Structure formats: C-alpha cells, structure tokens
Protein chains: 2
Amino acid sequence: MRSALTGEPVSVLDRILAILDTVRESHGSTTITQLALATGIPKSTVSRLVGDLVRQRYLARTEHGVVIGLRLFELGARASTPRRLSVAALPVLAELFNATGEHLNVAVQEGQDMISVISVRGRLRPAPSRAGVRVPSATTALGKAVLAFTEDEAVLRDVLTGFEPDRRHSFERELATVRAEAVAIDRCETFPGVVGVASPVLSPERLPVAAISVAGPESDMDANRMMPLVRHAALVLTHRLALQTA
Amino acid sequence: MRSALTGEPVSVLDRILAILDTVRESHGSTTITQLALATGIPKSTVSRLVGDLVRQRYLARTEHGVVIGLRLFELGARASTPRRLSVAALPVLAELFNATGEHLNVAVQEGQDMISVISVRGRLRPAPSRAGVRVPSATTALGKAVLAFTEDEAVLRDVLTGFEPDRRHSFERELATVRAEAVAIDRCETFPGVVGVASPVLSPERLPVAAISVAGPESDMDANRMMPLVRHAALVLTHRLALQTA
DNA sequence: GATGCCCGTCCCACTGAGTGGGAGGATCCC
DNA sequence: GGGATCCTCCCACTCAGTGGGACGGGCATC
C-alpha cells in the first residue's frame, strides 16, 4: 500500500488510535473525509473503521460529525493514575481551595506535556484548564515543577531543544531555583493575565509523579502568599500517596 | 482461526476493544494470561497487542499488571455527551446540592445500563456511584426514570425479559406512574439502605437523554421532600439543554 | 430538472499484515 | 536442580483487512 509515504500508520491498531486521537484533537466534531485527510488513511478504510467504532460506542455520530463516544468515557473514568491521585488529593484540594479560592490543578507528565488530572474551578473565567487537558511543560508552573525534579534526561533534552542558547541557560537556572524552593511560577507565560504557582508531588523514590498548582489573575493574586500554601499541599499529597501504596 | 468457538472476536478492532474492556472490568489490574483467558485470544497475540497499546500509553503496566493508561483518560475527558451535559448541569446540581446535601448523579442510557456522567458526593459513605460507573436500569431510580419515557422498544423488551410475569406487570405499572409523575424511586432495590429519587431529562423531541437523581440513607432521607426538588432540577436541565443546542 | 460537487458507504479480487504454536528466558518457590 | 508460572519473540502460513472505484443521496447553482 501507499508505498510512497513511509511512517504512515500501517497496522490496524495504529490506524484506530490515529483516528481516535484525531477525533479528540478536532474539538467539536469531524467528518469521515476530514479524518481521512488528517490521518492519511484512505476514505473507504476510515469509513469502515469508524463504522465499527460507532457500532461499539467508542465513537458516536451527531448531525455535525463524529465525536468521542460513551465507552471511551467509561474507560477513561477507570484510568489508574487519575483515580489513585483523586482519592489521595481530594481532601488536600479542599483545604487548599478554602485557603485560596483560586483555580486548582493536579497534573501528571505525559511526553513533553502535562495532563491535568483534577481541576477545581476558582474565580478565573474562562477556566484556563480542565481535567483531561494538555498543557505544555516548558512554560507552565506545573510543568516546571516536574521538570526540575525529573531524572529522565530524554524528556528534559526534548524540552530544551528548540530553545535558543540564552533562553536555555536561564531556563536551567530557573529549574535550579525550583529545585531549591520546591515551587515553580508561571507569570503569564502560558495564558495572558494568569499567574500559576506549582509544587511537585514526589514518589517515595523522590521522583516526580505529579504537580499541584494554584492559578489566579495576575492583577490581584499574591504569589508570595500562595507559595507556602502550595508547597504544603504538595508535601501532604506526597505523604498521602506514600501511605496509599503501603 | 479458532474454528471451534464462533462469536469470538476475529477482527483486530474487536480484539483490541475486548482487551480494553476486560482491563476496565478487572478493577485493579490484570495480567496477560488473565486477559488471554477472559477474551479467548491466544496469549502471544494478547502480549503483542498489549505491548503496542502500552507503547501508545493507552494501557500502562504497573508492578501488579496491566491498567488503563493516560491516553484513554484524555480521550474520555473529551467525550461529547458527558461534556455537553456537564456544562448544562453544573449550576443545576449546585442548587440541588444546596437544597439537599445528598449524593447526586446525572446518568445517561447505554445499552441496558445507565452510566453515571456526573457524580456529586453527599453524606453517603461509601458513595454508591461515581462518574463513569454502570448501574442497572431495571432497579435504579435513574434507570426507571429513563425507561418510562423511552420509545426504544428493544431496550424495554430486553429489560423486561428475565422478569417473571408478575414482576413484569408490576414493573409496567410502576413505569406508568413514573410517566405520570415524572419521578422514579428506588427503595433499596440496588444498594441496601440507599433510597434514590430520579427524574428524566428530555430532548426537545420529548425523548429521554439523561436522568438526574438524589440518593440518601433510607433511615433519614425524606423522599417526599426530594421529589419536587428533583423534578424541578430535571426540568431546568431539560430547558438549559434545549437552549444550548439552539 | 439537469449538472456539478462533495458527501459517506459498499463491493470484491488481491495480498501482506496479523497470526499463534512453540521455543526461550526470567523469576519464584519447594 | 526441578517444576511451575509468567511473558516475549520468532517466522512460515493464510485469511482478515485493504482500497480503488462504483454507487446513491443531499445540496447548491444554472
């Protein structure tokens, strides 16, 4: 098949996952033709695969096109890491919310991004993130909190690649500060007008498993007041996770 | 292959979905061998498919076995129906929670079960349901609220099948009452000691798209007080959904 | 109502992707 | 060392999956 382009998905599994991811990325909904174009899979094949996935309720058809179905929602709700974190984090988040009233997130590393696992709405409108959303590691407080403690050289290298030498050094210095203080800050780097303060959650082996963050409006959130609160929340969560495993 | 047993999954897609579903059902975690037994797929094939799914982060390996991975969480969080319902339902649930303080659920029909799409914790411990959980249609207030208004004969027949004639008639009479009052009740049928009160959420075509429920301890929850509150919440949600579409 | 365009689905001969029995390695317990 | 249980890898075979193209329906535009 398609002898011309290499790197195209050839296995059925790759194709299915490519379709699912493309549907996810198309916020709203997509059509068969758009999926065929985006994935490089012939239209007739996309039609058949989507038909099967719809029959199994992994996808659904609306009048506007193809969307994520209920079965994937069901599967996602059972995902291991988010569940474990939720159980441990909810009381911690409740306390942190009482103390701050701001938008809270717990996120984990996934490739070069962070994925928000739990999200609590504060006064920010619109909310900059929701559970299940990807945010870049390089600019968010969440990402920097995790990167500062990671021992995975590959991820760090990938993030640094693309930075100019200047930026690169200042970023490495910033991570050193984060390591020392156990708090990372995002001053409107990711979302204009939004300041984030995050602290890492570590495994018993001192490796970063997640990060917890507070985000509020640049104009009237006191980052200095947030820092000890977030650091404390992350420490408590680290401790609760260690107990949970045992 | 496997000429003996028909109905076994033969297509790659069916096999992948069978594996994913089996992993989901195995609360906690499964091994390759258990998956092979449960799905009827040869072990070497399961090993290869699971390996691919892990590489793509749709599944993950822990020290205890195979679990649902982050990519499925990400996909699930983008599912269309839950998202639309969440946006419309959150203010309604906030009001209902203030009025009751009990465990709340919004659920949609999926086959012969209901799937909880949003869950708000009340004072019940442990919580009888969470978002993403399946509960049977035939006994829960949520299920009966939807069944009373469904026009899908097939689903109704499937649910009725297996009931003895007596039970069948009383169930049909119960549904008629639900239709008249727009409220269904589950008096400890599904969970011992737990009473549920639910009301249907309808589409502009008057077809059931979801149901909203309050659940509390049999001992000291006043179902009669709940009924108008739940009915009102469902009506408001029905209205908000109609506006959302327009 | 004829023409053109863009949908999505279906058909079916061809073929290479997927298969799975069996070998092999790792780990654990007796 | 022997046995049990786990998972992964190999590779010749073959049938499941493929995709070009035909088809039918929806919708403007002329």
Side-chain angles (χ1 to χ4, degrees), chain A residues 1-69 80, chain B residues 1-69 80:
Chain A
M1 283 126 249
R2 298 293 82 181
S3 54
L5 300 167
T6 51
E8 293 294 305
V10 280
S11 75
V12 183
L13 191 143
D14 284 346
R15 291 174 165 205
I16 292 168
L17 302 190
I19 288 174
L20 293 182
D21 273 348
T22 308
V23 173
R24 173 177 62 76
E25 280 160 22
S26 77
H27 299 201
S29 57
T30 343
T31 64
I32 298 282
T33 306
Q34 284 173 330
L35 284 172
L37 283 174
T39 57
I41 305 169
K43 215 166 44 159
S44 60
T45 302
V46 173
S47 173
R48 187 165 25 81
L49 290 177
V50 169
D52 289 346
L53 287 166
V54 167
R55 214 163 298 128
Q56 300 264 18
R57 309 279 185 120
Y58 279 72
L59 293 178
R61 284 171 194 282
T62 68
E63 43 192 335
H64 302 299
V66 178
V67 296
I68 305 278
S80 169
Chain B
M1 279 122 253
R2 298 293 82 180
S3 54
L5 302 167
T6 50
E8 292 292 308
V10 280
S11 75
V12 183
L13 190 144
D14 284 345
R15 291 175 165 203
I16 293 169
L17 302 190
I19 288 174
L20 293 181
D21 273 349
T22 309
V23 174
R24 173 176 63 75
E25 280 160 23
S26 77
H27 298 202
S29 57
T30 344
T31 65
I32 297 283
T33 306
Q34 284 173 330
L35 284 172
L37 284 173
T39 57
I41 305 171
K43 217 167 39 159
S44 60
T45 302
V46 174
S47 173
R48 187 163 27 81
L49 290 178
V50 169
D52 288 346
L53 287 166
V54 168
R55 214 160 299 127
Q56 299 265 18
R57 309 281 184 116
Y58 279 72
L59 294 178
R61 285 171 193 283
T62 69
E63 43 193 334
H64 302 299
V66 178
V67 296
I68 305 276
S80 168

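Naming convention: chains lettered A, B, ... in sequence-line order (proteins, then strands); numbering from 1 in each chain. Since the structure is predicted, the reported quantities are computational estimates derived from the model, not experimental observations.
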Heavy-atom side-chain contact between [X] and [Y] under 4.5 Å:
{"X": "B:V50", "Y": "B:R61", "value": "yes"}
{"X": "A:D14", "Y": "B:Q56", "value": "yes"}
{"X": "A:L20", "Y": "A:L53", "value": "yes"}

Output the rounded distance in Å from [atom1] ([X]) to [atom2] ([N]).
{"X": "A:R15", "N": "D:dA16", "atom1": "CZ", "atom2": "P", "answer": "17 Å"}
{"X": "B:L35", "N": "D:dT8", "atom1": "CG", "atom2": "P", "answer": "11 Å"}
{"X": "B:D52", "N": "C:dT19", "atom1": "CG", "atom2": "C1'", "answer": "13 Å"}
{"X": "B:L53", "N": "D:dT8", "atom1": "CG", "atom2": "C1'", "answer": "16 Å"}
{"X": "A:L13", "N": "C:dG18", "atom1": "CG", "atom2": "C1'", "answer": "11 Å"}
{"X": "A:L49", "N": "C:dA17", "atom1": "CG", "atom2": "C1'", "answer": "14 Å"}
{"X": "B:E63", "N": "D:dC7", "atom1": "CD", "atom2": "P", "answer": "15 Å"}
{"X": "A:I41", "N": "D:dG19", "atom1": "CD1", "atom2": "P", "answer": "9 Å"}

Legend entry - A:D21: salt bridge (charged side-chain N to carboxylate O under 4.0 Å, His left out) partners, not counting sequence neighbours: A:R24, B:R71
Inset, instruction - Assign a letter to each nucleotide of nucleotides 8-14 of chain C from its 5' end: B, base within under 4.0 Å of a protein heavy atom; S, sugar-phosphate only; -, no contact. - result: BBB----
Legend entry - Atom of B:A36, atom of B:P42 and distance for their closest heavy-atom approach: CB-C, 4.4 Å
Inset, instruction - Could you go through the side chain to side chain contact (heavy atoms under 4.5 Å, CB included) check for A:R55 and A:D52 one step at a time? - result: CA-CA 5 Å; A:R55 214 163 298 128; A:D52 289 346; 2.7 Å; yes
